[in-house]
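Every chain is numbered from 1 and lettered A, B, ... according to where its sequence line falls, protein lines coming before strand lines.
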2 protein chains.
Amino acid sequence: MKSNLYEKKAQIFKALSNPVRLEIIDFLADGEKCVCEIVEKLNYEQPHISKSLIKLKEAGLIKDRKEGLNVYYSLKICCMGEFFNCLNKILESESKS
Amino acid sequence: MKSNLYEKKAQIFKALSNPVRLEIIDFLADGEKCVCEIVEKLNYEQPHISKSLIKLKEAGLIKDRKEGLNVYYSLKICCMGEFFNCLNKILESESKS
DNA sequence: TGACAATATTCCAAAAATGGAATACTATAA
DNA sequence: TTATAGTATTCCATTTTTGGAATATTGTCA
């Protein structure tokens, strides 16, 4: 029961434990984007971006919306920003030591 | 430069992407603990706990302090709680849908 | 010094993640 | 209906992670 919760949280962190996926999250913080925009912005192969988006979606971090040929993705959580700021502090203090 | 930052953040998330390590973080939120206390509480093999602690330490999430035979570990970051609460909300909303 | 308790390290096989390449699917427009 | 643009899926080899088992290291005390 409780260990299952740790499993699920671990899944969320796993979805975030990849630089490409973090870059996508960062870009989506700017607002909803379609796959083609993300591909163009991040300069990775389209299948790679698609797989990354699906992983983030499965973790419950982003959601999608279809419109014609395009699929638009956007962030589903709001607490990312604060935690990312905190991580930045950690990384700063490490680079000093 | 910037991509390197994503790499480092991904490393932190990777350290958090494991249920045992999350359980350790949770236990340490209660205050500083020695390895033997963590082993007893979490009921895993001592080498496994040791390796988990080292991974968390390398990610900059916890710190250690030696005292005689014992090594005491404690959290190095304070922003974990808020983010964890946010994750709980995500997991709750998912379990409803 | 020798024995022991607490912790860390190494070794290893199985499982999972990674990312490239090719291909499939789907909605639209001609 | 066919061609095409946008997106998703599958396949695969390589790398990384995982966790158990054995062993090494380190500090303390008699």
Side-chain angles (χ1 to χ4, degrees), chain A residues 3-4 6-25 27-28 31-76, chain B residues 3-4 6-25 27-28 31-76:
Chain A
S3 67
N4 199 20
Y6 287 120
E7 280 286 354
K8 285 184 180 177
K9 273 186 202 169
Q11 269 313 112
I12 294 180
F13 283 117
K14 198 161 285 182
L16 290 168
S17 70
N18 174 282
V20 175
R21 294 195 292 268
L22 287 179
E23 214 170 336
I24 290 175
I25 293 270
F27 188 41
L28 290 184
E32 188 187 59
K33 309 285 179 193
C34 72
V35 177
C36 55
E37 287 175 297
I38 301 171
V39 168
E40 189 183 5
K41 165 82 175 182
L42 300 201
N43 214 31
Y44 290 103
E45 301 286 329
Q46 178 269 320
H48 189 185
I49 296 289
S50 255
K51 281 188 285 188
S52 299
L53 286 166
I54 286 161
K55 197 149 193 173
L56 288 170
K57 186 185 161 191
E58 282 172 349
L61 297 169
I62 63 177
K63 63 189 173 193
D64 64 341
R65 175 178 74 80
K66 297 180 197 206
E67 188 178 314
L69 270 178
N70 298 307
V71 178
Y72 290 89
Y73 283 92
S74 56
L75 291 187
K76 210 173 150 189
Chain B
S3 68
N4 199 19
Y6 287 121
E7 279 287 353
K8 286 184 179 175
K9 273 187 201 168
Q11 270 313 111
I12 294 181
F13 281 117
K14 199 162 284 182
L16 290 168
S17 69
N18 175 282
V20 175
R21 294 195 292 267
L22 286 179
E23 215 170 336
I24 291 175
I25 293 269
F27 188 41
L28 291 184
E32 188 188 58
K33 310 283 180 194
C34 72
V35 178
C36 57
E37 288 175 296
I38 301 171
V39 169
E40 189 183 6
K41 165 81 175 184
L42 301 199
N43 214 32
Y44 290 104
E45 301 287 329
Q46 177 270 319
H48 189 186
I49 296 289
S50 255
K51 282 187 283 186
S52 299
L53 286 166
I54 286 162
K55 195 148 195 173
L56 287 169
K57 186 185 161 194
E58 283 173 347
L61 296 169
I62 64 178
K63 62 188 175 197
D64 64 342
R65 176 178 73 81
K66 295 177 198 209
E67 187 178 315
L69 269 179
N70 298 307
V71 179
Y72 291 88
Y73 283 92
S74 56
L75 291 188
K76 211 174 151 189

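The stretch residues 11-20 of chain A participates, sequence neighbours left out, in no side-chain hydrogen bond (donor to acceptor under 3.5 Å, both in side chains) pair at all.
Between B:Y44 and D:dA21, a side-chain N or O to OP1/OP2 separation shorter than 4.0 Å is absent. Within the 4.0 Å cut-off from OP1 or OP2 of D:dT18, not a single side-chain nitrogen or oxygen of B:H48 is found. Checking the phosphate oxygens (OP1, OP2) of C:dA6, no side-chain nitrogen or oxygen of B:Y72 falls inside 4.0 Å.
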Chi angles and distances behind the side chain to side chain contact (heavy atoms under 4.5 Å, CB included) call for B:I54, B:E58
CA-CA 6 Å; B:I54 286 162; B:E58 283 173 347; 3.8 Å; yes
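In the set D:dG20, D:dG6, D:dA8, D:dA8 carries the atom at the smallest distance from any side-chain atom of A:V71.
The number of heavy-atom neighbours closer than 6.0 Å to CD of B:E40, taken from other residues, nucleotides and ligands shown, is 12 or below.
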Donor-acceptor pairs under 3.5 Å, side chain of residues 63-71 of chain A to any protein atom, not counting sequence neighbours: which ones?
{"from": "A:D64", "atom 1": "OD1", "to": "A:K57", "atom 2": "NZ", "distance (Å)": "3.4"}
{"from": "A:D64", "atom 1": "OD2", "to": "A:K57", "atom 2": "NZ", "distance (Å)": "3.2"}
{"from": "A:R65", "atom 1": "NE", "to": "A:E32", "atom 2": "OE2", "distance (Å)": "2.8"}
{"from": "A:R65", "atom 1": "NH1", "to": "A:E67", "atom 2": "OE1", "distance (Å)": "2.6"}
{"from": "A:R65", "atom 1": "NH2", "to": "A:E32", "atom 2": "OE1", "distance (Å)": "2.8"}
{"from": "A:R65", "atom 1": "NH2", "to": "A:E32", "atom 2": "OE2", "distance (Å)": "3.4"}
{"from": "A:R65", "atom 1": "NH2", "to": "A:E67", "atom 2": "OE1", "distance (Å)": "3.4"}

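Take A:Q46 and apply the side chain to side chain contact (heavy atoms under 4.5 Å, CB included) test, not counting sequence neighbours, and it matches A:V39, A:S50.
If you check residues 32-42 of chain B against DNA chain D, you find no residue with a heavy atom closer than 4.0 Å.
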Can you pull every protein N or O that's under 3.5 Å from an N or O on nucleotides 12-17 of chain D?
none

Atom pairs under 3.5 Å, N or O on each side, protein against nucleotides 22-29 of chain C: can you list them with distances?
none

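Nucleic acid contact for B:I54: sugar-phosphate only, since backbone atoms but no base atoms lie under 4.0 Å from a heavy atom of the residue.
In the interface, the side chain of B:K51 is paired with the base of D:dG20 through a donor and an acceptor atom under 3.5 Å apart.
Considering CD of B:E23 and CD of A:E7, their distance stands at 10.0 Å, rounded to 0.5 Å. Atom CD1 of residue A:I25 and atom OH of residue A:Y73 lie 12.5 Å apart, to the nearest 0.5 angstrom.
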